[in-house]
Amino acid sequence: MSRTLLSLSLAATLLGGTALAEAPKVVADIAPVHSLVAQVMAGVGVPKLVIQQGASPHEYSLRPSEAQALQDADLVFWIGAELSPWMADGIETLASDAAATELLEAQGTTALELRSNALFEKHIHGAHEDDDHDDHADHKDHADHKEEGHDDHAHEDKHGDEGHEEHGHDDHDNHDDHAHGALDSHAWLSPQNAMTWLNVIAGQLSAADPENAGTYFANAAAGRAQIEATMAEVTATLDPVRDRQFIVFHDAYQYFENDFDFPAAGAISIGDASDPSPARVAEIQARISDEGIDCVLSEPQFNAGLVATVLDGAQAKTAVLDPLGADLELGPQMYRQLITNLSAALAGCLARS
């Protein structure tokens, strides 16, 4: 009898080990994407993060453990070459057998063109306004989501966009010269995109792991409901300060602005790793002076001296926004906390004492 029980116990252990081994090995590029994948995988497995928090995704050197995670991966979820041009080669070299999903190109994703001007005008929201914010699934046509005044451009120039701009050039006066058709890579700051991506992630995971498809899609549905609730909270946070104007450090927040109908008045820099030209700084300073800008926002990793220069002699307040959530704990809750923190920092900076 004891020998039989031992055999059954050993079999159960082996079966249990096999079940765990069958969970897909998944990696995500940045923390907000990792959070969405972790939401969908809850109860099945945990994804690995490729780009450590606090690091710039535009240029990054993989640590050995991160390279190994890519090499072992069954699935890779990443924003795309617009954000991390180096990662395309990494996937091709280390994860050629993995199913790689470029979220900026995923069906249903709202993709916006880069803005090159220092000063922004009020947005025309297109489908967001015409449909009273309904039927966001129709946003899959990138051309429908360009800013007013842009034509429908092909995407052939997209990989020469923001990543190259943010790495810098010798002549800073050329920073404002972007090819039309280049996409803004900060698409994770649209909660509408995040909800779309939860379904995309669930679909890819289910294709790789059909036995857990029910869990993946149930988790995605729960995640979408939670993000919708977060959006309602953010709207309530921003409503009291909608009559006020703000300038951002670099133009990373266009998707957030569109989703919440809360446009910035301008950006000090196009990129987060290059200094703006003196002419661009002068434009921003003039707008702050002429239009009584209430708030100028900085970011934790970048040149605080630029914000001080822009604010010289102005009465505007300042606060810090972090589009990547560098200090937030990884996991399913991280994405919603990121969006909540952005709105809280913005509303706090715009509040008048």
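Defined by atom type and a distance below 3.5 Å, a donor-acceptor pair is missing between the side-chain atoms of N117 and R280. Between Y60 and E66, the side chains place a donor N or O and an acceptor N or O closer than 3.5 Å (distance only, hydrogens not considered).
The side-chain heavy atoms of L114 and D251, taken from C-beta on, include no pair separated by under 4.5 Å. Put simply, the side chain of V40 does not reach to within 4.5 Å of the side chain of W197, judged on heavy atoms. Using a 4.5 Å cut-off on side-chain heavy atoms (C-beta onward), P191 and F260 make contact. When side chains are defined from C-beta on, I30 counts as touching V33, because their heavy atoms get closer than 4.5 Å. Taking the side chain as every heavy atom from C-beta outward, V200 and Q107 never approach each other to under 4.5 Å. Contact of the V234 side chain with the I339 side chain is registered, since non-hydrogen atoms from C-beta on lie closer than 4.5 Å. Here the side chains of T309 and Q285 are in contact, with some heavy-atom distance below 4.5 Å. With contacts defined as side-chain heavy-atom distances shorter than 4.5 Å, the pair I284/V296 does not qualify.
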I79/D29 under side-chain contact (heavy atoms from CB on, under 4.5 Å): CA gap, chis, key distance, verdict: CA-CA 7 Å; I79 294 295; D29 58 347; 3.7 Å; yes
Would you please test E82 and E105 for side-chain contact (heavy atoms from CB on, under 4.5 Å) and show each step? CA-CA 11 Å; E82 290 82 3; E105 295 295 332; 4.2 Å; yes
Does the pair L342 and F256 meet the rule for a side-chain contact (heavy atoms from CB on, under 4.5 Å), with working shown? CA-CA 9 Å; L342 290 180; F256 183 92; 4.2 Å; yes
For a side-chain hydrogen bond (donor to acceptor under 3.5 Å, both in side chains) check, start with the C-alpha distance between T101 and W78, then their side-chain angles and the critical distance, and finish with the verdict. CA-CA 6 Å; T101 301; W78 64 309; over 6 Å; no
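Among residues two or more places apart in sequence or in another chain, the side chain to side chain contact (heavy atoms under 4.5 Å, CB included) test is passed with A319 by L297, C349. With sequence neighbours excluded, the residues satisfying side chain to side chain contact (heavy atoms under 4.5 Å, CB included) with S84 are I51, P57, W86, M87. Remark: V46 engages no residue in a side chain to side chain contact (heavy atoms under 4.5 Å, CB included) (not counting sequence neighbours). For D322, the side-chain hydrogen bond (donor to acceptor under 3.5 Å, both in side chains) criterion is met by no residue, not counting sequence neighbours. Scanning for salt bridge (Lys or Arg N to Asp or Glu O under 4.0 Å) contacts around D239 gives R242, with sequence neighbours left out. When the side-chain hydrogen bond (donor to acceptor under 3.5 Å, both in side chains) test is applied to Y255, no partner is found at least two apart in sequence or on another chain. The ring pair (Phe, Tyr, Trp, His ring centres under 6.0 Å) search around F246 returns F262, not counting sequence neighbours. For F217, the side chain to side chain contact (heavy atoms under 4.5 Å, CB included) partners two or more places apart in sequence, or in a different chain, are A202, S206.
Identified under the salt bridge (charged side-chain N to carboxylate O under 4.0 Å, His left out) test for residues 284-294, with sequence neighbours left out: E121-R287, R287-E291, D294-R352. Listed by first then second residue, pairs satisfying salt bridge (charged side-chain N to carboxylate O under 4.0 Å, His left out) with a partner in residues 325-350 number zero, not counting sequence neighbours.
Taking the six-membered ring where the residue is Trp, Y253 and H250 present perpendicular rings, their angle passing 60° and hence far from 30°.
Residue L49 belongs to a hydrophobic cluster whose other members are L330, with links defined by side-chain heavy atoms closer than 4.5 Å.
For the atom pair S185 OG and H58 NE2, the distance stands at 5.5 Å (nearest 0.5 Å). A distance of 11.0 Å separates CD of E257 from CG of L238, quoted to the nearest 0.5 Å. Here the CG atom belonging to D259 is positioned 3.5 Å from the OG atom belonging to S190, to the nearest 0.5 angstrom. Note that CG of N341 and CG of L328 are 5.5 Å apart. Values are rounded to the nearest 0.5 Å. With rounding to the nearest 0.5 angstrom, the CG atom of L189 is 9.0 Å from the CG atom of D184. One distance of note links CG of L103 with CG of N193; it measures 9.0 Å at 0.5 Å rounding.
Checked by atom type and distance alone, the side chain of R224 never pairs as donor or acceptor with a backbone atom of M195 at under 3.5 Å. With hydrogens and angles ignored, the 3.5 Å screen pairs no side-chain donor or acceptor of E283 with any backbone N or O of I268. Remark: side-chain polar atoms of T235 are paired, donor with acceptor, to backbone N or O of M231 under 3.5 angstrom. Counting only distance, with no hydrogens or angles, the side chain of S35 and the backbone of G331 share a donor-acceptor pair below 3.5 Å. Side chain of Y335 to backbone of H34: no donor-acceptor contact under 3.5 angstrom is found. Looking at Q39, its side chain does come within 3.5 Å of a backbone N or O of N219 through a donor-acceptor pair. Between the W188 side chain and the A31 main chain, no donor and acceptor come within less than 3.5 Å of each other.
Across all non-hydrogen atoms, the minimal contact from L346 to L321 is N-CD2, 4.2 Å. Minimum interatomic distance between V320 and P300 (heavy atoms only, all atoms of both residues): CG1-CD, 3.5 Å. For the residue pair C295 and A316, the shortest heavy atom distance occurs at N-CB, 4.1 Å. Heavy atoms only, all atoms of each residue included: Y216 and P24 are closest at OH-CD, 3.5 Å. Nearest heavy atom pair, residue L338 against residue P323, reads CD2-O, 3.7 Å. Here the closest non-hydrogen pair linking G223 and L198 is C-CD1, 3.6 Å.
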Which side-chain N or O atoms in residues 88-100 pair as donor and acceptor under 3.5 Å with protein atoms at least two apart or in another chain?
from, atom 1, to, atom 2, distance (Å)
T93, OG1, D89, O, 2.9

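Look at K25 and D72 and you find no salt bridge, because none of the NZ, NE, NH1 or NH2 atoms lies under 4.0 Å from a carboxylate O.
For CD of E211, the number of neighbouring non-hydrogen atoms (other residues, nucleotides, ligands) closer than 6.0 Å is 12 at most.
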